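Chain A is the first sequence line, chain B the second, and so forth, proteins listed ahead of strands; every chain is numbered from 1. Everything quoted here is computed from the prediction, not taken from an experiment.
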Amino acid sequence: MPKELGKAYQPSETEQPIYAMWEKSGAFKPCPNGKRGKAGKAPPFTIVIPPPNVTGQLHLGHALDNTLQDVLIRYKRMDGYETLWLPGTDHAGIATQIKVEEELREAEGKTRFDLGRDEFIKRVWDWKETYGSRIVEQLKKLGASCDWDRLRFTMDEGLSRAVREVFVTLYEKGLIYRGSRITNICVTCHTALSDTEVEHEEQEGKLYHIRYGDLTVATTRPETMLGDTAVAVHPEDERYAHLIGKTVILPLMEREIPIVADEYVDRAFGTGCVKITPCHDPNDYDVAKRHNLPELLIMDQKGFITENGGKYAGLTREDARKAVVADLEAGGYLVKTEPHIHNVGACSRCHCAVEPMASEQWFVTMKELAAPAVAAVKEGRTVFVPERFEKLYLHWIENVRDWCVSRQIWWGHRIPVWTCGACGHVMALRDDPASCAHCRSTALTQDPDVLDTWFSSALWPFSTLGWPGDTEDLRRFYPTDVLVTGYDIIYLWVARMIFSGIEHTGREPFHTVYMHGLLRDAQGRKMSKSLGNGVDPLEMVEQYGADALRLYLSSLATLQGGDMRIVPERCEHFRNFCNKLWNASRFVLGSIGDTASWTLPDSLTLPDMWICTKLQALVYDVTGHLDRYELNLAAQKLLDFIWDDFCDWYIELAKVQLRNPEAADTTKQILAYALETALRLLHPFAPHITEEIWQSFPEGLREGAALVTARWPEPEDRLRFTHEAGQTELLMDAVRAVRSRRNEMKVPPSKKAAWTVETPYAELFESHAEIFRALAGASGVTVIPVGAGSDGLCEDAQTVAVVASAATVYLPLAELIDLEAEKARLDKARAAAQKEYDALEAKLSNPGFTQKAPEKIVTAERERLAALREKLERL
RNA sequence: GGGAGCAUAGCUCAGUUGGGAGAGCACGUGCUUUACACGCAUGGGGUCGGGGGUUCGAGUCCCUCUGCUCCCACCA
């Protein structure tokens with residue numbers, strides 16, 4: 001039995017029951033014989049979700065990202081694919097650890113060191129158990145049609161096995177090594193970071209000129225001088241040639257350091273002398289290696305000066321800088337300071353300045369891994385949408401440096417490397433060892449570090465499907481199809497998935513990367529916690545409904561992948577649309593009465609043909625736009641059709657036809673057919689409301705149990721009545737013209753008069769007089785075939801002409817019209833038409849146009865000229 | 001220092017092979033027309049950032065200038 005539909009659409013009453021129904025019915029699970037009516041097994045279509053932070057909360061970026069994925073998945077599901085949208089969450093190493101540490105400090109006043117490693121990790125797991133399902137529930141509120149039974153987590157047993165397999169494989173191939181390098185250390189998070197996790201920011205700093213004996217060096221980080229082991233000059237710099245090989249005394253530290261020559265030095269910058277701090281600057285590190293200089297680490301990972309810093313030991317880097325500068329000044333070593341703009345690296349997690357520092361870390365050798373990942377994109381096996389992001393990707397991967405994957409935190413995948421305390425043997429192992437493989441000693445210690453979060457994320461498309469096992473899911477759904485994400489993580493994630501997929505599975509993990517822009521606030525600023533300008537998508541769902549939010553976000557997702565400004569109030573428009581659809585559906589369902597099934601009638605009225613024609617075009621357009629990832633255009637066309645064509649015109653036309661016993665039955669059929677088809681097309685964008693309405697259809701008017709798994713519409717060629725349907729547009733033009741003139745002349749709706757229509761389509765207007773009367777607000781219509789009585793009528797002071805595309809409609813003037821104003825208006829119209837006519841005539845007498853322009857265009861313009869001439873004659 | 005993107009109606013933005021300048025919001029006017037005032041109808045409003053070029057014709061292609069945004073990069 002059809003349910004009763006309330007007067008206004010209430011998303012809060014619809015969304016949850018509908019979602020529960022979908023979940024219960026198993027609609028989100030892959031359906032092996034999806035493509036109904038087609039032979040054989042359905043082709044698979046797979047998307048893996050970009051896993052949100054397990055302890056995170058849904059923000060608008062997630063809402064956008066997942067709406068786009070859900071639209072694609074729902075479309076493909078209806079189109080008969082065996083779809084899998086695989087959900088999951090990320091353990092998000094540093095971010096989660098920071099969050100739990102904060103909690104620990106606030107609640108118990110303890111640090112993770114107070115608890116110890118095992119106890120702390122247990123706390124993080126507790127935290128994950130408490131909050132891990134939060135974001136999943138939030139995604140459900142959006143209507144995300146993920147197969148929740150396959151929910152994965154990057155620290156699950158299976159995924160952890162994949163991480164180990166990859167690490168050990170790479171280790172065995174010699175693609176992972178441990179070494180001392182200058183890496184970026186965040187002293188707040190006290191861990192190493194990869195290059196991609198450092199954000200560069202231009203800052204105004206100071207350039208300190210410091211006298212080292214006979215030389216003056218310039219630096220932006222004066223405290224690093226504590227670790228200087230040399231001064232470098234350019235080998236061909238005549239100013240300093242005589243000093244090369246000599247030494248200077250390092251101020252404050254009173255250390256004798258050599259002057260070396262190295263081509264790295266830019267003679268034109270500063271004084272042409274560079275202080276060399278091997279352990280705290282990547283360039284200096286290289287110089288030191290070339291000249292066999294001693295390495296002196298003067299800061300630890302927490303940002304404190306070490307004992308190597310002499311009397312400054314124990315100070316923070318900030319205090320050390322102040323103290324060093326003060327002492328230099330007091331000692332007369334500080335020549336000058338000047339303002340200097342330079343780039344400072346900041347930790348992408350805590351935004352503190354990172355400290356380049358020598359330390360032992362694990363690295364992945366990138367050169368060999370990158371090459372096939374470059375080829376995959378260059379050879380088109382993986383394409384980016386929009387295409388321009390390929391350039392960004394290629395530039396990065398072609399120049400990528402080795403990847404620092406070790407982190408000095410506790411939450412994450414522990415590096416599977418053990419060192420034997422007895423013989424010093426180092427082993428990378430898939431399974432925890434009981435004893436040393438070399439000497440059988442049991443005195444083994446595991447490397448204390450964990451892996452970069454992105455190390456496990458890089459494996460996501462195949463680790464979630466069961467790799468390294470040879471599972472049915474992996475065989476069926478890998479490689480996946482489309483990856484949907486923002487362009488901000490091309491390097492962090494997308495590129496790493498591509499080279500990891502190729503390396504470990506031999507296949508590109510997806511064929512298409514659909515990138516969208518980032519969301520900004522109404523002023524165009526990035527949304528961030530610190531600015532407090534974030535918009536809570538759940539509040540928007542609450543206020544406007546999930547479908548309205550989805551439609552809004554879809555309409556923003558342009559093909560260019562540019563950034564998008566979010567103005568929450570704009571959702572109102574889409575809520576209004578949902579309400580419109582709701583009420584139109586109420587009308588249709590109420591009108592069709594006991595219509596039990598629909599069969600395409602043999603003959604249709606012109607308005608019926610018209611809406612069917614529009615509908616076929618819509619099916620074609622929406623399908624094409626979705627296939628080309630033009631979600632905004634698809635959504636736009638759907639709204640235009642439903643609101644303008646269907647509601648504002650067809651329903652009004654249908655109301656007239658429903659009063660006519662001869663047309664009523666077919667009109668009911670077409671009302672039901674058009675609405676049902678539109679619901680199917682709209683479903684990927686607005687799943688809840690479309691399903692709710694669809695469930696209210698009489699069973700004979702729908703196919704299957706639920707819209708979510710209903711068939712995607714295909715254009716029906718027999719319903720393309722383009723030519724005849726066009727006549728409906730003539731009627732509509734005439735109606736619009738009359739309404740416009742009535743409005744302009746302020747004729748109240750209550751004043752109805754008999755109209756005269758002069759047209760070459762006399763038959764059309766005669767047979768549709770009822771429709772014309774109803775829509776134009778007339779009491780009667782007289783139709784005059786063109787030419788038959790045009791004289792006199794036009795000059796009749798009691799009537800006024802309204803020119804529509806193929807008809808001239810005369811409005812009786814007796815109705816309170818200011819004749820003077822009317823005359824002026826006619827003069828104005830005549831002048832405008834004359835001007836247009838002259839311009840067009842000039843264009844058509846230009847041989848450049850008539851000879852070179854396509855014939856179609858020339859013909860069209862000639863017809864326009866003829867029409868204008870006719871119009872002028874009338875005026 | 002390289003690279004990319006954006007500049008279209010008061011606001012936010014569409015505009016897919018060059019030929020009609022568009023939408024939503026805001027604004028004006030008129031409507032309680034029994035699906036909907038979260039509505040209906042009808043209007044006003046733009047030198048498509050400036051300049052140059054290709055073309056019969058350019059918001060759309062090329063060059064240049066200006067303004068804004070972002071990314072990459074080891075010059076102290």
Looking at B:C40, I'd like to know if its phosphate oxygens (OP1 or OP2) sit under 4.0 Å from a side-chain N or O belonging to A:W643. yes
Mapping A:H200 and A:R221 onto RNA chain B by nearest heavy atom, which one lands closer to the 5' end? A:H200
With salt bridge (charged side-chain N to carboxylate O under 4.0 Å, His left out) as the test, would you mind laying out the steps for A:R742 and A:E744 before giving the verdict? CA-CA 5 Å; A:R742 288 184 59 119; A:E744 197 180 344; over 6 Å; no
Test: A:E295 and A:K289 ion pair at under 4.0 Å: yes
Between B:C71, B:C36, B:U42, which one does the side chain of A:L392 approach most closely? B:C71
Nucleotide of B:A14, B:A76, B:C40 approaching A:D648 most closely (side-chain heavy atoms): B:C40
Taking only side-chain nitrogens and oxygens of A:K580, does any of them come within less than 4.0 Å of OP1 or OP2 of B:A37? no
Could you check which of B:C38, B:U42, B:C36 has an atom nearest any side-chain atom of A:R575? B:C38
Write down the distance between OH (A:Y650) and P (B:C36), rounded to a whole number of angstrom. 19 Å
Whether A:S740 contacts B:G43 is assessed here as follows: a side-chain N or O lying under 4.0 Å from the phosphate OP1 or OP2. Is that the case? yes
Who is the Watson-Crick or G-U wobble partner of B:G44, with both distances under 3.5 Å? none
Test ring-ring contact (aromatic ring centres under 6.0 Å, His included) on A:Y544 and A:F574; report intermediate values, then the result. CA-CA 8 Å; A:Y544 304 108; A:F574 298 92; 9.9 Å; no
Taking the side chain of A:H573 as its heavy atoms from C-beta onward, which of B:G24, B:G43, B:A76 lies nearest to it? B:G24
When you measure from the side-chain N and O atoms of A:R739 to the phosphate of B:G30, is any distance below 4.0 Å, counting only OP1 and OP2? no
Distance, rounded to the nearest Å, where A:F577 contributes CZ and B:A35 contributes C1': 14 Å
Scan every strand shown for a Watson-Crick or G-U wobble partner of B:G5, both distances under 3.5 Å, and answer none if you come up empty. B:C68
Just compare B:A23, B:U16, B:A41 and give me whichever is closest to any side-chain atom of A:N743. B:A41
State, with a plain yes or no, whether a side-chain heavy atom of A:I210 is found less than 4.5 Å away from one of A:T219. yes
Of the listed nucleotides (B:A73, B:A4, B:U16), which one gets closest to any side-chain atom of A:R388? B:A4
Within the structure shown, what part of the strands sits under 4.0 Å from A:V274 by heavy-atom distance: base, sugar-phosphate, or nothing? base
Atom pair distance, as rounded to whole Å: CD1 in A:I566 and P in B:U12: 14 Å
Can you figure out which of B:A35, B:U16, B:C38 approaches the side chain of A:E630 most closely? B:U16
Ignoring backbone atoms, establish whether A:R565 has a side-chain N or O less than 4.0 Å from OP1 or OP2 of B:C13. yes
With respect to the phosphate group of B:C72, does any side-chain polar atom (N or O) of A:N399 fall under 4.0 Å of OP1 or OP2? no
For A:C273, which contact category applies under a 4.0 Å heavy-atom criterion: base, sugar-phosphate, or nothing? nothing
Quick one: does NZ or CZ of A:K655 land under 6.0 Å from the six-membered ring centre of A:F587, within 45 degrees of the ring axis? yes
